[in-house]
Amino acid sequence: MGEDTDSTPALNHHGFLPDHNYVTEADIISTVEFNHTGELLATGDKGGRVVIFQREPESKTEPFSQGEYNVYSTFQSHEPEFDYLKSLEIEEKINKIRWLPQQNAAHFLLSTNDKTIKLWKVSERDKRPEGYNLKDEEGRIKDISTVTSLQVPVLKPMDLMVEVTPRRVFANAHTYHINSISVNSDYETYMSADDLRINLWHLDITDRSFNIVDIKPANMEDLTEVITAAEFHPHHCNLFVYSSSKGTLRLCDMREAALCDKHSKLFEEPEDPSARSFFSEIISSVSDVKFSHSGRYLLTRDYLTAKVWDLNMESKPLETYQVHDYLRSKLCSLYENDCIFDKFECAWNGSDSVIMTGAYNNFFRMFDRNTKRDVTLEASRESSKPRAVLKPRRVCAAGGKRRKDDISVDSLDFTKKILHTAWHPNENIIAIAATNNLYIFQDKLNSEMH
Amino acid sequence: MLGRGVKRKWSCLEELEAEVVAEATITEEKEQSGKDGQEDEAGLLIDPSKSVMSHLQQRQRVLGLCLEKLQRYQAGMELSLRRSVLLINTLRQIQEEIWSDGVGTCTSDSRLSISGVHADDSCLLRDDFREDVPVTCPGCAEGDGESLSLSPPLSPEFPSQEAIDFPDQQKSLPAAAISTFSDAVNAMGYLSDLALDDIFEDIDTSMYETSDLPSAWATGSLWPVSVSLWPDEDVKLRSSSHSSTGSLQSCLVDLNDLDHIMEILDCRKVLRKALRSHGCHGFFPLLGLFLCSLNTTGI
C-alpha cells in the first residue's frame, strides 16, 4: 500500500476508516465474501441466512460517502435438517459462499452448509407489465363482458425488487462436513471439499459429481489427517490445492489422473524439533488456504501464523507472519477452552501486497509483504465511530512494559474472535465479521502501516 | 510417592519442590526466549509464577483434557472429525512419549524388572501375576521414571516426584531429587507382596474379554495413564482399598494404583460406549485402540 497524495483534512493520517457497522439480527456471521467486482458483498450466518450488500455508486454531492454498502437482499438459504439414518442434526449454518463471475444481468452465488450446496440466482426486477386484457391491476380476472377493446401490455417502471431464486441444489454427495467450495476458472465446474473427500461438480448437473480426492483410509482407525480447506487455482483450471490438519498443502493436477490422491506438489515446512509440544500438531493445522490473485503464491493460516508460499518452492514458506505469538505460552489454556481449534481465515488484497487475518479480542492484523510492516486494528463499536480513523492497537505481555492503550495478553477476550474477513478485489475496502456484527472499513488514503 | 516406611520431612520436600520448580521455570524461560529470540522488551516474557507447569504435569493435564473432550462426544455433543482426529493424535503422542519414557529410563531397582518389559508383554496385572513376575501397575510400568502417582497429585509433595524425570528435556536433576526418587522406586517392591488378585476378584471383567477385537488391537501398546476424571470413584476406592489392604494404609502408592486401575476400567467403559453409539461417524473405532491397550493389562 503506497502513499497517496490525495488527502482530505478530516481524514488525514493513517489507518482505515469505518463506513458503517451492521448488526445482523444477533446471529453469528459464518462467512463473508465479495463478488468479483466488489460491488456486492455476501454474508452467511449460523441461522442459514444470506445477506447481500450492495455498494452505492459514488455520489457527486457527498464525496465522503462514496460507495457505502447497503443491504441489497436477504434470504434463507438453508434450513436445519435431520438425518434420520444417523440420528444427526444437519446444521443450517452457512459454511462458505462463493460468487460466480457475472455473465449477464443476474448474479449467481453458491452457498453451502455441512451437506448441501445451493446455487442461487440474484436478479433485479424494476419493470413490470401493465395493461393486461384479461386481468385487472390487482390480478383478478376481468369479466369478459366489460372488455370492449384490446390493448397491448406495456412495461412500466416499478420499485426495484431483488429476487433470489434457488437454481440448483447439489445434495447427497458428502458423508462428512463440507468445509470449502471453490469455483473453477472455467466457470463451468466447481469443487466441494469435506473432511475426507473432494468432489468436482458441473454447475448444471446436480445428480452426480466426480470424486477427485479421497483420503479416507480403508480402516478408519488409521485416520490421522483430514482435509481442512481447498481452492482452485485462479487461472489454471486443472490445478487446485488442499490443506490438511497436519499443516501440509497439496497441489494437484487434474490432468494427471481422475483421482488426484497423488499430489503434484507437497508443501510442508519441516517441524522445528525444539519447538515441539503436545500442541504442535494442533497449531500447525491449516485453517484456510487462498491463492494470490496472481496465482503465483499461496496464503495459509494456522493457529499462530500466516504463511506465504511460492508455488515453485515446496520445502518451506516464502514468508511467515506471526499473528499472535503471545499466545504460544498459553496454548494449554487455549486447549482447555477449545480456542485452539478456532479456524481463522485469511485474505489477500487486490495487488497481493498485503495479507490480512483475524485474531482475538476483535483484533485483526494486516501485514505488508513489501515493507514488512504490520498493524493490529480492532473492530468494535466503541473504538470506531463512523468516519473515525482506526487506531492501531498493541498487545503486550503480562507484566511487560506497557504503553498507554496497550492491552495485556491476559485481558484479551477470547470470545471475541474474528474468524472471517474479506478484502475487496480491487480497492482497499475490507469486510470484517465480528461475531454477529459486520464491519466494513475503507481506506480513504493509501495509508502507511506501522 | 513415598514408599512404606520411608520417612520424609515436610520441609525437605518443600525445598525439593522449589528446586525442581525453579529449574522447570528456568528451562521453560530459556526455551521461550529461544523461540522468540526477536522479541523486544515488550514482547513475551512469561511470568514464571503464573505459567510454570512441569512437563509431566502438563502432559497429565493435556491427557485429561483429551479424554474429557472425547467423552463429550459420548454425552451427545457432536465433535467435528477434524477435532476428533487432532485430539486422538495428541493422545497418541502422549502415549508414545510415556511409552518411550518408560522404556528409555530404566534406572529402577531390580525388583521392578521393568527393564525386561516391552509393550506387548508388559506384566500389568495379569491373572498370573502371583508368580514371580513382579507386578507393576500401569502407572508405574511406563517408567520408573514416571512418578508413581500419575493422577493429578493427591498431595502436594507428589509434583516434586513427577517433576523429576524428563529424559527428553535434559534437565539436570539435583542429587536430592534423584535419591528421593530411588527411594520411591524401591518402595515399589511392595507390589510383589500384594494380593491384588483378591482386590480384583469381584470386578466383572467379562465385558472386556472379547474375542471379536481385531488382532491389531490386541497388540496395542500400554495404556499409559489414568486420570481422575471421576472423583467420586476415587473417594469410594480409597475407602475400599483401606479396608481390604489394611497393611498398606500408609502407602499412598497403593491407593494410586487402585485408582489407576479403576479409572482405567471406567475409561474403557466410556470409550466402549462411545464406540458403540457412533458407528456411522466412522471414526470412533479408533478409540478401540485404547480399549485394546487396556486389554493387555489383563483386567
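This structure is a prediction, so every number in the text was calculated from the model and none was measured. Values below: all heavy atoms of this structure, side chains included; hydrogens, waters and symmetry mates excluded.
- A:Ser245 touches chain B through backbone and side chain together, each having a heavy atom under 4.5 Å away.
- Inter-residue side-chain proximity for A:Ile215 and A:Val213 is flagged as met; some heavy-atom pair is nearer than 4.5 Å.
- Heavy atoms of A:Ser277 lying under 4.5 Å from chain B belong exclusively to its backbone.
- A salt bridge is defined here as a Lys NZ or Arg NE, NH1 or NH2 lying under 4.0 Å from an Asp or Glu carboxylate O, and A:Glu378 with A:Lys391 fails to meet this definition.
- Using a 3.5 Å distance cut-off with no hydrogens or angles, the side chains of B:Ser54 and B:Gln57 do pair a donor with an acceptor.
- Neither the backbone nor the side chain of A:Lys216 comes within contact range of chain B; no heavy atoms are under 4.5 Å apart.
- A donor atom on one side chain and an acceptor atom on the other are not found under 3.5 Å apart for A:Asn113 and A:Asn95.
- For A:Phe344, the ring-ring contact (aromatic ring centres under 6.0 Å, His included) criterion is met by A:His324, A:Tyr360, not counting sequence neighbours.
- Heavy atoms of A:Ile227 lying under 4.5 Å from chain B are absent altogether.
- If you measure heavy-atom distances from A:Glu225 to chain B, the contacts under 4.5 Å come from the backbone alone.
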